[in-house]
Protein chains: 2
Amino acid sequence: MSGFPQRCLDCLVRDTALCSSMDDQELATLSEIGRRRVVHAGAVVNWAGDASTSCANVVSGALKLTASTADGREQIVGLLYPGDFVGQIFTDQTSLTITSLVDTDLCVFPRAGFERVLDEHPRMERMLLERTMASLQEAQGRMLSLGRKSTRERVASFLLEVADRTGSRDETGTIRVHVPISRGEMADYLGMTIETVSRQLTLFKTAGAITYARGDRDCTILDRGHLEAIAFPDR
Amino acid sequence: MSGFPQRCLDCLVRDTALCSSMDDQELATLSEIGRRRVVHAGAVVNWAGDASTSCANVVSGALKLTASTADGREQIVGLLYPGDFVGQIFTDQTSLTITSLVDTDLCVFPRAGFERVLDEHPRMERMLLERTMASLQEAQGRMLSLGRKSTRERVASFLLEVADRTGSRDETGTIRVHVPISRGEMADYLGMTIETVSRQLTLFKTAGAITYARGDRDCTILDRGHLEAIAFPDR
DNA sequence: CGGAACGTTGAGCATAATCAACGACTGTGG
DNA sequence: CCACAGTCGTTGATTATGCTCAACGTTCCG
């Protein structure tokens, strides 16, 4: 079957990634230039400053995007999940370091080829535009958090954010949440130190709003209202 | 002369705004739906939460984009200058308050009409995509600043930023800078208080890196290297 | 068993916020 | 013309938030 993208047929993100803007016919052109790549946990996919030669869709797993100062301070500026697009196109140099948080599958495209496909597929370009705008809006919310919220508010917001993305609610109203990152990464995401993250979590646990086993990345939200009241103070 | 956009002919941003992606012919369709609007200093152009019914190009002047918490804390998430595009398209509700910093001319389009023009003009859509990506990258840099830099570093970076955008250098190497915003707005931009901004500026003045008349928005950078060393510490 | 990585907790400290007072400048009204 | 209030910026004193430094417990591996 000529050019029919076998690999794409059973792809986990066929209907959520940028590919979902293409029909099976169109997908052939994209499929031709894409290659699957497995990235093991903790590996750096791209260093800030590298030439921008490729981009990708996240198929499974998770990535973090970090910006850093010359003296080594780090800020996580984004977390990416299956279906998300990664890469800095239309520019020759990257500004972010990309690291996998867990074993991750990528569908990688050479940048030049991807840009050519984009030229010819307005629906995909539109989808990318909408997603870029959504990322920008998310970034604006995070600027508000980083600039104006207390550490307590930021930790509470973060837990709710993760709960909304991946949490599963049981019949008693408790929400099981898997926090995909370490304390250190939470700190880098929230613009604070490991110690402060740990202390704030302990305070929430003491207050009965959450529980978790010591050092564990699984967390149960017992009192969502409590966290919401802290994350979004009305006055 | 059929549909030839008279108003656009002598437009100050004909060659820098999104319009620069269109030839005179194409511009007619955009011109038809655009209307000039003058916004006086301090006026709110849009409140966060309003329906997203229009968008615009900044023709002259300057705008600030602010995000805020329910209890009134504000963070400036962007400053817009002539040639910049304003508005949240592809979404029905706005999330940002837009305020003019000085008397500002806008070229306003109804959102629906603008989106239709975008559908039909891939070069303009591409330009908007590139600009949105640039805004996102800028936002990522600001997340790093807000999350990981000291107030001193942030104020120094800000002065350099403004100098690079609008500063004029004279023969002795000093740079005249007009800071387009009040101390309060600098604080909102940099995620700190008015008092801290003032103190950091005083420190730079005392150190001989800058001068300014008390309370003035015009500032002279005497020692760019000093500010750079503070803004970008190497170790 | 030893070491490394990670998380927690405590003590002390520094940075920046808060609270307060004051000076300079602007525009208004007497 | 001056008195006045209002806004904005500066400066000082005090407080609190969150960082730094340090110690220690746990878990996971070799």
Side-chain angles (χ1 to χ4, degrees), chain A residues 40-42 64 69 71-75 99 101-102 145-159 178-207 210-219 230 233, chain B residues 40-42 64 69 71-75 99 101-102 145-159 178-207 210-219 230 233:
Chain A
H40 66 78
K64 65 173 174 180
T69 60
D71 64 349
R73 284 169 285 175
E74 267 194 13
Q75 175 67 43
T99 312
L101 295 169
V102 295
S145 276
L146 293 167
R148 292 300 185 201
K149 293 191 185 174
S150 68
T151 57
R152 185 158 31 94
E153 291 171 307
R154 275 178 269 167
V155 173
S157 300
F158 176 74
L159 290 174
H178 179 74
V179 180
I181 56 179
S182 69
R183 294 289 184 273
E185 285 161 338
M186 278 184 68
D188 284 346
Y189 187 77
L190 298 172
M192 55 183 113
T193 61
I194 294 175
E195 294 93 326
T196 301
V197 171
S198 181
R199 279 185 248 270
Q200 294 303 334
L201 289 173
T202 303
L203 286 175
F204 291 150
K205 183 157 56 162
T206 307
I210 64 175
T211 20
Y212 60 93
R214 179 203 159 82
D216 205 336
R217 293 189 185 185
D218 290 304
C219 166
I230 289 171
Chain B
H40 67 77
K64 65 173 175 180
T69 59
D71 63 349
R73 284 169 284 174
E74 269 195 12
Q75 175 67 43
T99 311
L101 295 169
V102 295
S145 275
L146 293 168
R148 292 300 185 200
K149 293 191 183 174
S150 67
T151 57
R152 185 158 32 93
E153 290 171 308
R154 274 177 270 166
V155 173
S157 300
F158 176 74
L159 290 175
H178 179 75
V179 180
I181 56 179
S182 69
R183 294 288 184 276
E185 285 161 338
M186 279 184 67
D188 284 345
Y189 187 77
L190 297 171
M192 54 183 111
T193 61
I194 294 176
E195 294 93 325
T196 301
V197 171
S198 181
R199 278 186 248 270
Q200 294 303 334
L201 289 174
T202 302
L203 286 174
F204 291 150
K205 183 155 59 160
T206 306
I210 63 175
T211 22
Y212 59 94
R214 179 202 158 82
D216 206 337
R217 293 189 184 184
D218 289 304
C219 165
I230 289 171

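Quick note on labels: first sequence line is chain A, next is B, and so on, each numbered from 1.
The CZ-C1' distance, from A:R217 to C:dC6, rounds to 9 Å in whole Å. In this structure, CZ of A:R73 is placed 10 Å from P of D:dT20, rounded to the nearest angstrom. Atom CZ in A:R183 sits roughly 14 Å away from atom C1' in C:dT9 (whole-Å rounding). Per the geometry, CD1 belonging to A:I194 stands 16 Å off P belonging to D:dA22, to the nearest Å. Atom-to-atom, NZ of B:K205 to C1' of D:dG9 comes out at 10 Å; the value is rounded to the nearest Å. Atom-to-atom, CD of B:E185 to P of D:dG9 comes out at 9 Å; the value is rounded to the nearest Å. In this structure, B:D188 atom CG and D:dC8 atom C1' are separated by 14 Å, rounded to whole Å. Summarising the geometry, the separation between CG on A:L101 and C1' on C:dC6 is reported as 16 Å, rounded to the nearest angstrom.
With hydrogens and angles disregarded, a donor-acceptor distance shorter than 3.5 Å links the side chain of B:R154 to the backbone of B:K149. Remark: side-chain polar atoms of B:R73 are paired, donor with acceptor, to backbone N or O of A:R148 under 3.5 angstrom. Not a single donor-acceptor pair under 3.5 Å links the side chain of A:S198 to the backbone N or O of A:I194. Remark: side-chain polar atoms of A:R152 are not paired, donor with acceptor, to backbone N or O of A:Q200 under 3.5 angstrom.
Regarding contacts with the backbone of C:dT9, a side-chain N or O of A:T202 is found under 4.0 angstrom from either OP1 or OP2.
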Nucleotides 16-22 of chain C: protein proximity per nucleotide (B base, S sugar-phosphate only, - neither; heavy atom, under 4.0 Å): SSBB---

Candidate pair B:L201 and B:V155, rule side-chain contact (heavy atoms from CB on, under 4.5 Å), full reasoning: CA-CA 8 Å; B:L201 289 174; B:V155 173; 3.9 Å; yes

side-chain contact (heavy atoms from CB on, under 4.5 Å) assessment of A:Y212 paired with A:V179: CA-CA 11 Å; A:Y212 60 93; A:V179 180; over 6 Å; no

